[in-house]
Asker: 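Please find one structure pasted underneath; my questions will follow.
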Amino acid sequence: MNTLKRAFSIWHPFTQHALHPIMTPVASAEGAYLITRDQRRILDAISSWWVVTHGHCHPRIVAAIQKQAAELHQIIFAGHTHEPAEHLAQKMLTLTGLDHCFFSDSGSTSVEVALKMALGYWRHSGESRSQIIVMEGSYHGDTIGAMSVGERGVFNEVYEPLLFSVTMIPFPFSGKEEETFRALEEACRTGAAAFIVEPLVLGSGGMLMYSPRVLAQMHAICRSHGVLFIADEVMTGWGRTGTLFACEQAGITPDIGCYGKGLTGGALPLALTVCCHKIFAAHYALDRRRMFFHSSSYTANPIACAAALENMRIWEEEPVHERITKVIKLQAQALERFRDHKHFQNVRQIGTITALDLCVPDSGYLASSALTLYDFFQSHNLLLRPLGNTLYVLPPYCVTEEDLCKVYEAIEKAPQACGLL
Ligand code: PLP
């Protein structure tokens with residue numbers, strides 16, 4: 001018992017310590033690389049859980065953090081405001097076409113805020129709508145509300161008694177989109193409050209991709225029934241799908257958008273839930289019971305806001321779109337050799353993200369191949385973290401052709417080298 005206590009004083013996220021007892025000690029990071037205590041350079045091919053956009057420790061973001069920390073590092077955000085938050089909110093409203101920004105500190109909390117905004121909207125508008133429609137295979141975070149609106153399965157089955165019930169519609173697999181539309185239409189007709197969805201790609205659900213046309217059609221169905229449309233852009237935002245936000249490709253503006261991860265370029269925890277005016281207006285009254293009852297101690301932390309603001313300036317002033325276009329092209333070229341490959345199937349890409357499924361009998365998040373592959377990639381100084389038998393590459397935008405060559409050579413070798421065939 002004492003040995004266990006001593007060995008695992010830190011309990012790591014999404015980690016089974018009994019199978020994976022040794023953590024990689026990272027001392028620093030630069031660009032697309034993590035540098036370990038013993039000076040190994042590990043290529044971060046998943047942008048450290050999809051947060052890092054331009055690269056680790058972008059000098060402009062580092063400098064903005066240092067400057068802000070020396071001026072104002074934290075204040076209560078009820079009854080107070082500060083410039084970094086104000087400037088950031090203005091930029092975000094311009095980018096999203098929405099009207100009001102609410103700050104929080106993680107993707108999960110941005111989703112909690114979105115759900116509470118939706119419920120508050122209906123309650124204060126005098127309609128008793130509370131049902132939330134969700135898509136099979138979704139992942140929206142690990143807090144109770146975020147888990148409730150996600151796929152029910154291995155991630156949350158232990159906590160099932162705490163989760164609220166939702167209406168689940170099928171994922172729009174190619175050729176089966178009509179089933180999704182019919183189920184959404186039916187769910188909307190019952191007077192649901194909101195539909196929450198990851199636009200264009202379901203991340204943790206296995207990098208499942210669907211078309212902008214389907215996204216636009218789902219949005220139109222919600223519109224026609226007055227059901228609020230919540231776009232969870234926590235993973236898809238900040239260029240991952242090729243455009244700044246995935247919703248742009250469908251030509252839609254959600255009623256509520258959730259943004260996190262790359263909001264600060266991946267430097268600090270910050271999230272935004274941005275909504276249209278009618279939602280704010282429904283809460284605006286002389287009655288204090290109608291205020292929005294949500295906060296956390298670090299709401300709109302000035303240092304995190306300064307990092308996010310600098311990130312936005314980088315988008316404005318550096319050739320970020322050109323870098324993204326290059327990554328998209330390199331990724332597409334690298335994928336070619338896996339099309340019709342006997343060991344891989346469902347080879348797919350959206351923007352800068354690629355994914356492919358290893359042909360093994362065992363599939364799903366707990367597929368035994370995942371850990372073996374993870375260790376194999378680590379031994380090749382690559383950070384890749386398969387979702388079960390699904391391998392995906394989601395690099396920061398500073399990744400080079402040479403870096404990607406290393407990644408895909410390792411992926412091609414992996415099934416045989418790991419004895420998985
Ligand atoms: N929503 C989506 C689509 C995500 O992919 C994630 C995390 O991966 C979250 C929400 C939760 O974000 P966080 O881990 O910052 O709480």
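All values derive from a computational prediction rather than experimental measurement.
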Asker: So which heavy atom on Arg240 is nearest to which on Val52, and how close?
Answerer: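 Between these two residues, the closest heavy atoms are NH2-O, 2.7 Å.
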Asker: For side chain to side chain donor-acceptor pair (under 3.5 Å), just list the numbers for Thr236 and Glu198, CA-CA rounded to whole Å, side-chain angles, deciding distance to a tenth of an Å, and then say yes or no.
Answerer: CA-CA 8 Å; Thr236 52; Glu198 295 165 78; over 6 Å; no
Asker: Step by step, work out the side chain to side chain contact (heavy atoms under 4.5 Å, CB included) result for Leu335 and Tyr408.
Answerer: CA-CA 8 Å; Leu335 264 196; Tyr408 287 95; 4.2 Å; yes
Asker: Out of curiosity, Glu412 CD to Leu391 CG, how far, rounded to the nearest 0.5 Å?
Answerer: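 Between Glu412 CD and Leu391 CG, I get 12.0 Å after rounding to 0.5 Å.
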Asker: Using a cut-off of 6.0 Å, state whether more than 12 heavy atoms not belonging to Gln74 lie near its atom CD.
Answerer: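 Buried by this count: over 12 neighbours within 6.0 Å.
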Asker: Taking Ala304's backbone N and O only, do any of them form a donor-acceptor pair with Asn301's side chain (distance below 3.5 Å, no angle check)?
Answerer: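 The answer is yes, because a donor-acceptor pair under 3.5 Å joins these two groups.
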Asker: Testing Arg60, Gln68, His58 for side-chain hydrogen bond (donor to acceptor under 3.5 Å, both in side chains) with Glu310, which one passes?
Answerer: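 Filter result, single survivor: Arg60.
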Asker: Carefully, step by step, assess Ser363 and Asn389 under the rule side chain to side chain donor-acceptor pair (under 3.5 Å).
Answerer: CA-CA 6 Å; Ser363 66; Asn389 64 322; 4.9 Å; no
Asker: Please answer whether the main-chain N or O of His17 pairs with a side-chain N or O of His12 as donor and acceptor at a distance below 3.5 Å.
Answerer: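 No, His12 side chain to His17 backbone: no donor-acceptor pair under 3.5 Å.
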Asker: First locate atom NE2 of His82, then atom CZ of Phe77, and finally report the distance between them rounded to the nearest 0.5 Å.
Answerer: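 The NE2 atom of His82 sits 5.0 Å away from the CZ atom of Phe77.
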Asker: Could you tell me whether the side chain of Val393 reaches within less than 4.5 Å of the side chain of Ile411, counting heavy atoms only?
Answerer: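 The answer is yes, as the side chains (C-beta and beyond) meet within the 4.5 Å cut-off.
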Asker: Where do Met23 and Phe8 land on the side chain to side chain contact (heavy atoms under 4.5 Å, CB included) test, with the steps shown first?
Answerer: CA-CA 10 Å; Met23 303 298 133; Phe8 301 114; 5.8 Å; no
Asker: Taking NZ, NE, NH1 and NH2 as the nitrogens, is one of them in Glu157 or Arg152 under 4.0 Å from a carboxylate oxygen of the other?
Answerer: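 Salt bridge: no.
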Asker: Does a side chain donor of either Asn311 or His54 reach within less than 3.5 Å of an acceptor in the other side chain?
Answerer: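 There is such a pair (donor and acceptor under 3.5 Å, judged by atom type) between the side chains of Asn311 and His54.
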Asker: Is Arg348 paired with Asp357 through a side-chain N to carboxylate O contact shorter than 4.0 Å?
Answerer: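 Between Arg348 and Asp357 there is a salt bridge, with a charged N closer than 4.0 Å to a carboxylate O.
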Asker: Counting only heavy atoms not in Ile10 (residues, nucleotides, ligands), do more than 12 fall under 6.0 Å from its CD1?
Answerer: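 Atom CD1 in Ile10 is not crowded, with 12 or fewer foreign heavy atoms closer than 6.0 Å.
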Asker: For a side-chain contact (heavy atoms from CB on, under 4.5 Å) with Phe195, tell me which candidate from Leu184, Ile132, Asp255, Ile230 qualifies.
Answerer: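 Among Leu184, Ile132, Asp255, Ile230, the one meeting side-chain contact (heavy atoms from CB on, under 4.5 Å) with Phe195 is Leu184.
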Asker: Tell me whether the NZ or CZ atom of Arg41 lies within the 45° cone about the ring axis of Tyr33 and under 6.0 Å from its centre.
Answerer: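 Judged by the rule, Arg41 and Tyr33 form a cation-pi pair.
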Asker: How many angstroms lie between atom CZ of Phe229 and atom SG of Cys247, to the nearest 0.5 angstrom?
Answerer: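 Answer rounded to 0.5 Å: 6.0 Å.
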Asker: Going by the ring-ring contact (aromatic ring centres under 6.0 Å, His included) test, name the single residue among Tyr365, Trp50, Phe155 that passes it with Tyr139.
Answerer: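 Answer to the ring-ring contact (aromatic ring centres under 6.0 Å, His included) test with Tyr139 among Tyr365, Trp50, Phe155: Phe155.
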Asker: Taking atom CD as the centre, does Glu30 end up with more than 12 heavy-atom neighbours from other residues, nucleotides or ligands that are less than 6.0 angstrom away?
Answerer: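 No, because the 6.0 Å sphere around CD of Glu30 holds 12 heavy atoms or fewer from other groups.
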Asker: Could you give me the CA-CA distance, side-chain angles and deciding distance for Thr243 and Gln249, then say whether side chain to side chain donor-acceptor pair (under 3.5 Å) is met?
Answerer: CA-CA 7 Å; Thr243 42; Gln249 295 182 42; 3.0 Å; yes
Asker: If you draw a 6.0 Å radius around CZ in Arg385, do more than 12 non-hydrogen atoms from other residues or ligands fall strictly inside?
Answerer: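 More than 12 heavy atoms, drawn from other residues, nucleotides or ligands, come within 6.0 Å of this atom.
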Asker: Other residues, nucleotides and ligands only: do more than 12 of their heavy atoms fall within 6.0 Å of CZ on Phe164?
Answerer: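 Yes - once you tally the heavy atoms of other residues, nucleotides and ligands closer than 6.0 Å, there are more than 12.
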Asker: Could you check whether atom CD of Glu317 has more than 12 heavy atoms from other residues, nucleotides or ligands sitting under 6.0 Å from it?
Answerer: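 Enclosed: over 12 neighbouring heavy atoms sit under 6.0 Å from CD of Glu317.
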Asker: What's the separation between atom NE2 in His100 and atom SG in Cys275, rounded to the nearest 0.5 Å?
Answerer: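 Atom-to-atom, His100:NE2 and Cys275:SG are 6.0 Å apart.
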Asker: I'd like to know whether the aromatic ring centres of His283 and Tyr121 sit less than 6.0 Å apart in this structure.
Answerer: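 No, they do not, as the ring centres are separated by 6.0 Å or more.
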Asker: Got more than 12 heavy atoms from elsewhere within 6.0 Å of CD, Gln416?
Answerer: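 Check fails, neighbour count at 12 or below.
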Asker: Is it true that a side-chain atom of Gln349 and a backbone atom of Ala355 form a donor plus acceptor pair closer than 3.5 Å?
Answerer: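 Pair absent, no side-chain N/O of Gln349 close to backbone of Ala355.
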Asker: Under 3.5 Å, is there a donor-acceptor pair linking the side chains of Thr352 and Gln331?
Answerer: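 Absent: no donor and acceptor within the cut-off.
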Asker: May I ask you to decide whether Glu71 forms a salt bridge with Lys67, counting only side-chain N to carboxylate O separations under 4.0 Å?
Answerer: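 Yes, charged N to carboxylate O under 4.0 Å.
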Asker: Compute the centroid of each ring, for Tyr374 and then for His20, and state whether the two points are separated by less than 6.0 Å.
Answerer: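 Under 6.0 Å, so yes.
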Asker: Are the side chain of Thr96 and the backbone N or O of Leu98 linked by a donor-acceptor pair below 3.5 Å?
Answerer: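 Yes: the side chain of Thr96 pairs with the backbone of Leu98.
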Asker: Working note: Ser106 + Thr109, criterion side chain to side chain donor-acceptor pair (under 3.5 Å); need CA distance, chi angles, decisive distance, verdict.
Answerer: CA-CA 5 Å; Ser106 72; Thr109 51; 3.2 Å; yes
Asker: Enter the distance from Phe377:CZ to Lys406:NZ here, rounded to the nearest 0.5 Å.
Answerer: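 Rounded to the nearest 0.5 Å, the CZ-NZ separation comes out at 14.5 Å.
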Asker: Roughly how far, to the nearest 0.5 Å, is the CG atom of Asp403 from the CG atom of Leu43?
Answerer: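 Leu43 atom CG to Asp403 atom CG measures 5.0 Å (nearest 0.5 Å).
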Asker: Is the distance from the ring center of Phe245 to that of Tyr259 below 6.0 Å?
Answerer: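 Close enough - the centres of the two rings lie under 6.0 Å apart.
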Asker: Charged N to carboxylate O below 4.0 Å: is that the case for Lys91 and Glu316?
Answerer: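 Salt bridge flag = yes for Glu316 with Lys91.
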Asker: Are more than 12 heavy atoms from other residues, nucleotides or ligands located less than 6.0 Å from atom NE2 of His80?
Answerer: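 No - once you tally the heavy atoms of other residues, nucleotides and ligands closer than 6.0 Å, there are 12 at most.
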Asker: Any chance you could lay out the salt bridge (Lys or Arg N to Asp or Glu O under 4.0 Å) test for Glu318 and Arg323, step after step, and finish with the verdict?
Answerer: CA-CA 9 Å; Glu318 293 189 12; Arg323 287 179 201 146; 3.1 Å; yes
Asker: Do His341 and Phe344 have ring centroids that are under 6.0 Å from one another?
Answerer: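 Yes; His341 has its ring centre under 6.0 Å from that of Phe344.
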